[in-house]
Structures are given as C-alpha cells and as structure tokens.
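This report concerns only the one structure given below.
Throughout, a chain's letter reflects where its sequence line sits, starting with A, and its residues are numbered from 1.
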Amino acid sequence: MTLSFGFDLSLAVLTLAVAGYAIGARESFASVVAFISYGVLLALVWVRLSAVDVALTEAAIGSGVTGALLIGAAAKVGEGAVDAPRSVRGAGRLLTALFCIATTLGIATAFLSLPEKAPTLAPLAAEHLPSTGLGNPVTAVLLSYRAIDTLLESVVLVFAVVGVWTFASDRDWGGRPESPGKDRPEQPLTFLGQILPPLGILVGVHLVWTGATEPGGAFQGGTVLAAAWILVMAAGLRKPPSIEGAWLRFALIGGPALFLGVGVAGFALAKAFLAYPEGHSKAFILVIEAALTFSIAIALGLLALGAPGRKGHP
Amino acid sequence: MNDAALALSTFAYGPQTLAAALGAPLVLMLACASARLRRFGPAYLVVAPLFALAACVLASDSGPLVLDQMIYPIVLVLDPPGALLLGVTSLLWLAAGIFAASSMRDETESGAFVAFWLATLVGNIGVFMAADVASFYLFFALVSLPAYGLIVAQARMADSAGGLYVSVALLGEAFLILAFALLASATPDHSLLISDGVDALPASPWRDATIGLLIAGFGTKIGLLPLHVWMPSTYRAAPVAAAAVLSGGAVNAGVIGLVRFFPWGHAVPVWGEALVVLGMSAAFYGVAIGLTQRNPKTMLAYSSISQMGLVAATLGAGLVAGNKGAAAGAALYAAHHGLAKGGLFLAVGVLSGCGTLRMRRLTPFVGLLALSLAGLPFSGGVIAKLAIKQPLGDGLLGALSTLSAIATTLLMLHFLRRVAALAEPRVSNPGWALITPMFAMIAASIMAPTAYYFAIENHRLVSLDAALFWESLWPILVGALIAAAARRWLERLPALPEGDVGAFAARPFGLFARGGAAADRGEIILRRWPVAAGALMVVAIMISGMGVLKP
Amino acid sequence: MNAVTLAGLAGAALIGMGLFGLVTHSHILRKIVAFNVIGSGVFLLFGAVARRGAASGLNADPVPQALVITGIVVAFSATALAVALLLRYFKEVGSPFLADDPGAGASQPDHERP
Amino acid sequence: MIASTLSQLSMRAEDALLPVAIALPVGAMLLALCLGGRWTERIAVAFMPIGVSIAGAVAYVVWRDQRPLVYFIGGWAPPLGVAIRADGVAAAMLLTSALIASAAGLFACDVFRVKPGEKENRAHLGFWTLLLAIWAALNCVFVGWDLFSIYVGLEMLTFAAVPLVCLKGQKETFVAAMRYLLFALLGSVLYLLGATLVYAAYGSLDIGILAQKIQPEAAAWIALGAMTAGLLAKTALFPLHIWLPPAHAGAAPPASAILSALVVKGSFFVVVRLWLTLAPVQMSEAPAELLAILGSVAIFAGSVLALRQERLKLMIAYSTVAQIGYLFLMFPLAIGQHPWASAAWSGGALQAISHAFAKAAMFLSAGLIVDVVGHDRLSGLRGLGRLAPQPVLIFALAGMSLMGLPPSGGFNAKWLLMSASVQSGHWALALVMAVGGLLTAAYLYRVIAPALAPAENAPAESASTPTPKASSRGAALSLALALAAILLGFAPPELASLLAVGAPAATIERIE
C-alpha cells in the first residue's frame, strides 16, 4: 500500500463516514452541517481524481451554495413536532437496508465488471481541441462539442427560478425575496460585505478568463459572483431585488438568450446550430461565457434567495 | 316484376346509393348539434330511413363501395340476406320514426333523442352493408351503444335497465373484438374482408375460439340464453318507438352477424349443437317466463327471446350440417319477426292510449300481427316458418318448431288479453299519425316476406297450398284452445321478476364492492412513500437481476 | 485496488446510503439531503469513469467531467426547487414531514362555488 | 477537421428543423419571462402556430423521405458530439404535443388572466412560461438521441411540470407537488446512474452507437435496470403512481390536461427508446414481459380505483394510471423481427397519441363541468346533460377513444395491439385489453349515465342561480381535441407509414 493510496483510502473512509452522519444524524441541522463538510471532502476527492474543474464546481455549488440553501431551510423549518413520524421501523427498515445494500452491490458489480481498457473519448476530444481554440478540454466539451447540454442547463436554471417563484403566495407576487441576513447585520458581516465582493468579482472574472485554458469556467465564476452578491445582501448593503424588475429579468435570461442567439446564428455563420465560425471559436466562447457567468450568478443568487415574500415591506 | 327487380339490381349507381343511405342519417345527426337545425328533429326521424329503403332496392347485389383513404379501408356491399334485412329494418325505422315524431312532445328534450335515434339508425343500416371486419365492428357498436340514450330517454326508473343494457352490450363488444382479431389474424395476409376471414376460418388454428366468441358476441344482441337478461327491462323501459326499432331492427344486427361470420359449407358440430340446444331452450323458456309477466312490453320482450331462440336453433342446425340454406332461412325468419315485433310494440303504444271502443275495433288487427308470429295462414309468418322448415328438418327439431308455434300462440293470446286490460274509457284516442304506422307494419309483415319469397324462390302461391294451410293452422288452433282452457290459471300465475336469472345475478356485485374497498386500502398502502420508493428499487433490482443473475 | 476503483466503490456506497435516507426519513429536508448524497455518489462514480478514461496526454476523459459539472448544476436547481417548495409546504401544512397519503379522496379540495 | 465534418452535412433547409424545434420554444420562454406581464401570454399564444408548423414540417419531411431526420449539433458527430433525431413516432409525438399544448394553452386564456389594474400575477406568469418550458422540454426528449441530453430534457420537464401542479395555490396542491417532485427527482438520479454506467462500459451516450455496441453483460443490465426504474417513476406506472392522482387531479384543468396527456408520455417515450431501439432483442425479451405484466396490473388496478373515486377529476387521474398501463403492453409485442412487431409498434404509438388527445379533452371538459355545476362530485352530476350538453358530449367522445370503441384512435390502437398479441401468442394481453375496455366503460358510465338521466330537481337549482355557461371557446377547444381522438380512427394510411419510419422491426409490414 503506497502512501498516496493510504491517503485516498482514509479520505474515502472519512467522506463515507461524514455522509453517513449526514444521513443518520438525529437533527436536521446537524445533518445539513455534515452535508456541507461532506461537500468539502468530496471536492478533495475530485482533486485526487484529476478533476479540478469538477472540484471547483463541487466546492462552489455542491457544497457552498447548496449548503447555504439547506442551512437557511433548516433554520426556518426546524425539527417539526416532537412526535415526528418515523415512517419506517423494524422489519421495514431492515428490508429497506437490504434493498439499498443490494443496489450498492449491484452498482459495485457493474463498476468492477467494466472492461480493463476503459472506453474513452479523451483522444477524440484532444484531437479536435485545436480547432476550438481552447486549451481546456472540459471547457471544449461544455461549450463546443456538447454545447447543447450546457445551453439547456443554463435554461434549466431559469426554469428553476420560475418554479421557485411560483411557490410564493399570490399576494406576495412582485415582492422581494427575504433578505438572507438579519434585519440588523452585525458589524463584522457588514465589513465583510464591503471587502469581499470586489474580491469575489475579481476571482469570478479570473475563473471565467482562465477557464478557456485552465480549470475554471462560467459555472464556477458565476457561483463566486453569486456568493458575493448574497453576501452583500446578507450584510444589508443591498436589498434583494423585486422579482418584477425588468433589469433583473433581463440579466437572468441574458446569458442563455445570447448563447441561444449565437447558436442560431451558427446556421448562417458556421453552417450548423451551435457551431462557431472557423478560427473565431475562442472569441465567441469567451463572449458566451462572460454573459453566461453573469446570468448564472443572478440565477444562483435568486435560487438561493427563494420565493418572493413581504411585498410592500422594506 | 322479376325483370324489373333484376334491372334495378344492376343499377349503376348502387354504391353511391349505399353512401347516401348511410350519409343521410349521419348528416342529419350532425345537424342536431346546431340549435337552429335541431328544431326540425322530428322530421329527420322520417326522412333518414328513406334512403336506406331506396338502397335496398337500388343497390342490392351491385358493386361494392370502397373507401380506402383510411388505415382500415371501408368496404360496403349489399348481398341478398343483407338487402332483405335492410329493407324490412328501414321500413320499420320509417314507421317507428313517424310514430316517434308524432308522439314527441317536449321540444327541448327531443334533440338528444333524435341524435341517439339517428346514430343507432346509422349503425343498424351499416351493419347490413359492412363487408369488412373493422366497419362491421364500427356499425355494430353504433347500433348497440347510442341506443342507451333511447332507453333512458323516458322513464326515471330506467337507470337500472339502461345500465344492464349497456353492460351486456359492452360485453358483446369485448367478445366480438377478440373474435375479429382472431379472425383477421388467421387470414394469410391479415385481410380485413369478412369473406376472407370466413374462408380462412375452417383452417384457422383458433377456429373454435373464434366461433365461440362470435356466438357469445352476437348472442348478446339476439338475447341468446343466458345473455338475454337485458332484453325484458330494456324493452319495457324504452319508449314505444325505441322499443320497436330495438326489438325489430337492432336485434337483426346479431342475426346478420351470425349469418355473415359463420363458415357455411363447413360442418362445425360442437358449436352448432350448442347453438341448437341454447336456441331451442330459449324458444320455450321465453314463452314460459313471458306468460308470467304483467307488462305487455315485457311479454313482447320474452317473445323476442323465444323467437330469436328459433333463429339461433336454425343457424345452429345449419352449422352442424354445413348447410348454406340455413342462413337464408334464418334471415327471412328474422326479417318477418322484425316487422311483426316492431308492429306489436307500436300497437302497444297505440292501444295503451285507447278508449274501450277504439280498442275493440283495433284489437283484431293487432291479433293478426300477433298470430303472424306463430305462423298464421296467409300471413308472412307462414313464409317465415316455411323458410326454417328445411334447415330444421323433419325430426325432433321440426317437431319442436311446431310445438313452439303452439307456445307462441298461447303467449300472444295472453298478451292480447293483457293489452286489452289497459283500455280505459277515455275521450282522447290516439291520432291517425300514430295508428297509421301500426297498420303499415301489419301490412308489411303480411306482404313483405311473401313478396320476397316469390321474388327469390319463384314459387307459386304457396300459402294457398292446402297441406301447408292445414299444417300451419292446427298449431294455432291448439294454442288457442289451451289459452281458452287455461285462462283462469294463466291469470293466477305468480309474476316472476323481470329479467329472471339476471335478477339474481346482481349478488356478485356486492362482492365486487367489497373487493373495491380492499383495493382502496391497498392503494393507501401503496401510495405511502417508503412503499412506493421500495417498489421503485424492487423494479430496478428485478430488471437488473434478470440479466445479472442469469446462469 | 487503486484510487479510481476506490472512488467508484465509494460512489456505489454513497448511492446506497442516500437511498436508505431517502426512503426512511420522513422529514423532507432530510430527504433532500439524501437526494444530494445519491447525486454526488453518481457523480463520483462518473468521475471514476472519467479517470479510467485517461488517454492522449489527458489526465481524464473530459466528457464525463463536463457532464458532471452540468449534473451538479442541475442537482442544485433541483435542490433549490425542492427547498422552495418545502418552505411553502411548511407554511401550508405546518409540518416539515411528508404526509403519508391520507387516502385518495379525503384530501381533495372541494371546488364549491362560494 | 470541423470543416470535413461540416462538408458531410448536406445543407438542406429541412435539416434545420430539429434544432429549431428545440431553440424556438426555449427562446420564446426566455422572452416571455423577460417581458413579463401581459406579454407572457401574448408571446406564448404567438408561438403556438409557429410551434405547430415546425412540428408539422418535421412530420411531413420524415413521412416524405421515409427516413428519420438526423442533425449533429454544432456539426460534431457522435460519439464526441450530440445528435438529435426524429423518426416517425418522434415526429408524431412532436406534432401531438404541439397541438395539445396549443389547445390547452388557448383554453387557459380564460383561466389564467391578468386582472384589470394588475401588472402580472403568479399563476399567469407561471402558467405561460411553464407551458413554453414543457413544450421545449418535450421536444428535447422526443428528438433526443443522446442519453445525457435526454436526461437534461427530462429534468427540464420535471422542473416545469411540478410548479404547474400548484398554480391554483391550494394547500393540497402543494402536498401533491412535493410528493411529485421528490419521486421524480429519485427517478432522475436513477436514470443518470444508468447513463453513467452505460458510458463507463461503452464510451458513448449516442443511442445509435450504443445499439451497435451494447451486450447483455452486468454493466448494461444494471444500467438499463436503473434507467428504466427511474423512467417508470416519472411515468407513474403502477405501482409507482404514488404522485400522479393527487397531482393531476389537483391542478387547474389546462394544467391537468398537459400533465396527463403529455408529460407522462415524455418518460414513457424514453423507455421505448431504451428497450426497443437501444437494447438488443435477447436483452429485451424478459424485461418486456415484466413491463407488460406491470402494465396489465396497472390497467386493472387503475380502473378499479377509478371506479372507486367519488370525484370527477380524481377518477380521470386514475384513468390515466390505467391508460398508462396500456402503453406498456406494446413491449413484448414490438421486439424482434416478427411480422407483428411493426403493428405493435404503430399500435403503441397510436395509443400514446390518441390517449393524449382524449385525456386532454376529458380534463378540459371536466373543467367546463366544474364551471357549470360548481363542484366535481360524481354524485352531483345528475341531469347534467340538460344543463350543459357540450361538456357531456366532449366527455363521451373522449371516453369512446379511451374505451377503444370505433371509430377512434383508441380503437385503431387496440386493434393493432390485439392483432399483434393474437399473432404472437400473447393471449393474456388480448384478454387484458378486452377486459380493460370493459372496466374503462364501467367507470366512464358513472359520469355519462347520471348526466344523461333526467335531473331530479333541476328546475329548482337552475332557476335559483343562473348557472354560468361554459365558455364557448373552451368548449370548442376541448371538442376539437375530442374530435381529434375520434378522427384518428379515420386516419389515412399515411399516418401508418409515418409511424413505421425508423421502427425497430426491419420488415415493415404495411398495415391493411
């Protein structure tokens, strides 16, 4: 057993243990906290799997924003009634456990039965990389080879925002989501809110810019921007926006709309939907990424803020 | 006369006439959707069957009408048994249409009634023309299901009658679609033509299943024992005109089905014998139960069960022997029954509104119609009896047929007595618009079968044959004697529940309800989250396991 | 056994654990957490697959990596939707637990006209 | 390199149809959200004729060329790129969903309105954007030829469908939506697990490439098992229907129509792709039988439960549970190169299409009935036929198709499936269809019979309060849907030849 494998093994065991605690914890608040630490550990695992892009995304979205969302929900919802229904007991619990073990064993069997020489698209992706003008193959997959998935994914975020909004009450429509912070934020938070956002914007822009060649990209950059925005609101420096605001709507759909527009323009400019003119791929991709980053930041922020409420209140 | 018929039968516009016969009621039915056109609804009842009446003369044995712009092309053709039944059926619809139009009072409620009437008419016309399985099934469904609207049109208590009717009708549809799927699958190229299916039937691997399902499916329509349970309550609940077209017209859809779909020329003994036994039992069972009934319409329904039993027995005998003649004979018998029974229902409608005096004047004519069913000399009934004589043979079945004529006489005379009891000294008598259709049916039931018989068989005046005259007269005399002798006794018979065995079959429904409550409980468990999520995992594990655990 | 296999097996284990939580908990927030654990297990499995596909000078197959990024964003959208719905559910029902279905008909709204 | 890929593409205008079918509704949705207010509805309504024309054009081109329409997104050929593809059934489903989404949408013009003096409201913005979102998602799923793109499409579908359940804002609808969302998400994650394993084993997500490569081995079996289970959860095949009845019954009528007619068909369609296109025959045989067994159970259980309901909309929702069962009867009949397989394939597709039209019409007519009588209790429908003949007629016409009575699309589908089951020796399935038709008739009878019966004390009720008339536009739209279900019974042979394009059975038998 090499040292690196030893590290991987202990990391895996630790990750599983934290995940197990997140599942089995008594209180939902503890469970959510465990889930956030689990996300951080998972990001480490991704680094060990040579997937820095994914690690960044996992840390930013999978752990960070999701964690914030869940913590907020746990604070609002609490543990519920004391005599909470424990829906599965005794034999049912055992049976469920058996099914779950069977599922795990099945997946493990499938994974272990995979051919020794793994089928891969890496050579193809590497071969076509120069024609995209990009250095990062993951970005090439996201924005060129499988651009349709990324386009639809950015649209999924918009769908989710609409969905979240429709869970508001009728009378709250047109209002603002609740501010993520307290009514009177503490001094340190205000300070952070003043200091960190410019830094966040810098980091976010950097992530997008380097995404073309190095790990990073629109989603990671967007998350950082979203985090900065949320922090500003939490610090009480800005109010959450009204969901009817024209600029907000425009900012929300701008990225996907631009992406879609470039895609349709591809019919004329590059002879295919979502193709880029030869030799100008990188420029187009950077413009799309910039717009997407901004819209993603808005969408993630709105998703984290939740449904509008408190119409007419400050 | 014959030459003229021949000339007409090769009429060049035959197929177009078929289209008009179906199209006219269809268009008029659609017209009922418009409030403005709905006002003329009663007139539609009279106009709609005229085209079919024309078609049965003009399009008989002409070329087929093929509409092949559909996934299943529709092929319509009018062969001799089809033309005969179409003729008498459209005549009946015409008469009943006049009756219904004259008795219609409530303008606002008539729209739906007219639409249902016309839909049933489309089905009843089409079923005699359809030469392919798909359109036959379509027309059969049309003649069966919209009739529900006719049955429940009037009586408040009709709910259960309508429900029973539609249940049996749907059961018939289910039997038939299975039978037709088997029939079409057995043809080499999956042809949907009925003739192709029937040709391939004797060699079909599913021959017995197909014929059994056909008998069950069409049996629901002709009220074959024990699928007759719907008939009494349906005819009693339906308005008179509707009962007339259902008992005289719609029922023939079942007859034409059996005629069309049986592999004539190939002996199928088992099913043939079963049909003979069921049919002959119904012939007497119907009379026996009918005698105990109080309501004249119910009695007529039981008479239908009995008469259709004879038709079924004739067809069954033909199936046993592989005798093609049975089909034509049964069709002629059914045609006469349709006219007579339709006329009798109209008569019930006329007489139940009569004063005593008018009743006394009209009853003899109604009696003519009633005894025509038993084969009264000079009536169409003689011809009908003659038509099934050959297929039934001289043996046991022939004797039973004669015996059933005695039984029918008994039932019909008892029926007349029950009708006469309806008379009340009232001022208002039914108008001629109601009486005329009844007389038209009386005339038709006497003349139409005779005319057809001469046209087809080229016989001399058979009914004047002395031997035949006696042969058909004595069962009626015997029947009349018994009726006179047993009059008191008949009056005192206990009234059996309408629908006889059907009345006891309601019990399983209670069981079904209990099963339903269990289903509710099961559903509540199944829709609990852990159970549903567990089921999801089980499905995943099962599908995966099918391959992984395979040795 | 190497790091990649370990990651794959850990992914499988995470899926099983998450499923268990999703089935047995009736607290909706716990179900959402469990759903996220299953999701990350699937992503980890995919990551292991990507790492197995290292070739042509790339450390891993970039296609699954890109798909995982897409997947993480979709999973986050799902979580946000579920949390927003949970908050409204909590407001309406007053309990954070998924109600066991009180029979099909009983809970249905009566559309009576006022 | 990209140039060489591009040069292989013949540049025909019709090639652009498929990407446009995805791009346009997405674009319309984004625009509708951005402009907001009354513009949301205007944009959605304006998009309807465009969407229907695109779907119609796809169907026409596929029918004319008698081969599937394929497009490589961005010019990148699979396995690296993503292909989208429309065969006959996909084209027919595109057209069906375009027509039904349009009809239900126009129906909703009366339901979701911006009141005077209001800028916009929750239900209005929600309905119209989500309608366009569902439209886009369905198009993605139907033309999807890449397992991961289909995953994204299915997620779009779920995200748009769940909020649609609770636009009315009643407590019960949020409970229903919660169950729906959680179960659908479980389904999604299982599907993604399967897609992961497929990629791990074969290095591609393209259905066409995978169909060549896939072998009956552990990874493929477990992948397909997980994907199928996930999809069945989203399709609500019994006993995985936990979420469907309250969700479909609780939503507003136009939303119910879209959910019941279209949304469940999306995931069903992917199950068809998996077992009839992707998996080799020797793999499909046993699971196909299992699917048919589940389908049969769904028919019986769904129908019996529909019979037990006391409320109209719940009854219709349980009818959907039963009718979903019919869809799964096609699987054992349509696999392999048998002469009956193409009949079963067309029959299954026709069943999906005619159920979509009939069920949409039925939910809309239920909406009209509730408008007239003010409630949806089955016990209170006596005499409805006199009060509101149109909704009853629409309900009955739609019911004819559901029962499989001629003439209707339901009958044609039943006939094709029944013939296929007789020829293939699947007797039990033919019987299930026959008995299922009877059960369907039984629960529909519970609406139609009291509606046709004379009212007990109708004058008192109708005289005291002037009952609001069902909107004539709503009635016309739902009547059009019901008539479409009926007219599918007179469908020209061209429909059969369209459905047969790209059917898995090699020997395409012409349907007589």
Distance-only donor-acceptor check, side chains [X] and [Y], under 3.5 Å:
X	Y	value
Asn36(C)	Thr66(A)	no
Thr120(A)	Asp61(C)	yes
Ser40(C)	Tyr38(A)	yes

Against chain A, label [X] side chain, backbone, both or neither, depending on which of its atoms sit under 4.5 Å from a heavy atom there.
X	result
Leu67(C)	side chain
Phe43(C)	both
Val63(C)	both
Leu14(C)	both
Ala7(C)	side chain
Val68(C)	side chain
Arg52(C)	both
Ile32(C)	side chain
Leu58(C)	side chain
Ala50(C)	neither

Separation of [Y] [atom2] from [X] [atom1] (nearest 0.5 Å):
X	Y	atom1	atom2	answer
Ile61(A)	Thr79(C)	CD1	OG1	11.0 Å
Glu92(C)	Leu87(C)	CD	CG	12.0 Å
Ile28(C)	Ser28(A)	CD1	OG	11.5 Å
Gln65(C)	Thr57(A)	CD	OG1	10.0 Å
Leu105(A)	Cys100(A)	CG	SG	11.0 Å

Between [X] and chain C, with a heavy-atom cut-off of 4.5 Å, which part of the residue counts as in contact: side chain, backbone, both or neither?
X	answer
Val65(A)	both
Ile101(A)	neither
Ala125(A)	side chain
Thr103(A)	side chain
Ala34(A)	neither
Val54(A)	both
Ala97(A)	both
Trp165(A)	neither
Ser169(A)	both

Sole residue of Leu124(A), Leu121(A), Leu129(A) in side chain to side chain contact (heavy atoms under 4.5 Å, CB included) with Tyr145(A):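 That would be Leu129(A).
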Residue among Val77(A), Val164(A), Leu303(A), Leu69(A) satisfying side chain to side chain contact (heavy atoms under 4.5 Å, CB included) with Val83(C):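 For Val83(C), the side chain to side chain contact (heavy atoms under 4.5 Å, CB included) test succeeds with only one of Val77(A), Val164(A), Leu303(A), Leu69(A), which is Leu69(A).
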Identify the two heavy atoms, one from [X] and one from [Y], that lie closest to each other, and give their separation to 0.1 Å.
X	Y	value
Leu16(A)	Ala10(C)	CD2-O, 3.9 Å
Ala22(A)	Arg30(C)	O-NH2, 3.4 Å
Val32(A)	Gly67(A)	CG1-O, 4.3 Å
Arg48(A)	Leu11(A)	CG-CD2, 4.1 Å
Ser10(A)	Gly6(A)	OG-O, 2.6 Å
Ala66(C)	Val141(A)	CB-CG1, 3.4 Å

Chain C: which of [options] shares the most heavy-atom pairs with it under 4.5 Å?
options	result
Ala126(A), Ser154(A), Gly62(A), Ser31(A)	Ser31(A)
Gly20(A), Ala168(A), Ala307(A)	Ala168(A)
Thr150(A), Ile107(A), Thr104(A)	Thr104(A)
Leu114(A), Asp149(A), Thr15(A)	Leu114(A)

Pick from [options] with the largest number of heavy-atom pairs that fall under 4.5 Å of chain A:
options	answer
Asn59(C), Leu29(C), Leu81(C)	Leu81(C)
Ala12(C), Gly21(C), Gly16(C)	Ala12(C)
Ala54(C), Ala75(C), Ala55(C), Gly39(C)	Ala55(C)
Ile69(C), Leu22(C), Leu86(C), Val4(C)	Ile69(C)
Ser77(C), Gly53(C), Pro62(C)	Pro62(C)
Ile15(C), Val49(C), Leu44(C), Val74(C)	Leu44(C)

Of Phe90(C), Phe97(C), Tyr89(C), the residue whose pairing with His27(C) passes ring-ring contact (aromatic ring centres under 6.0 Å, His included):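 Of the listed options, the one satisfying the test is Phe97(C).
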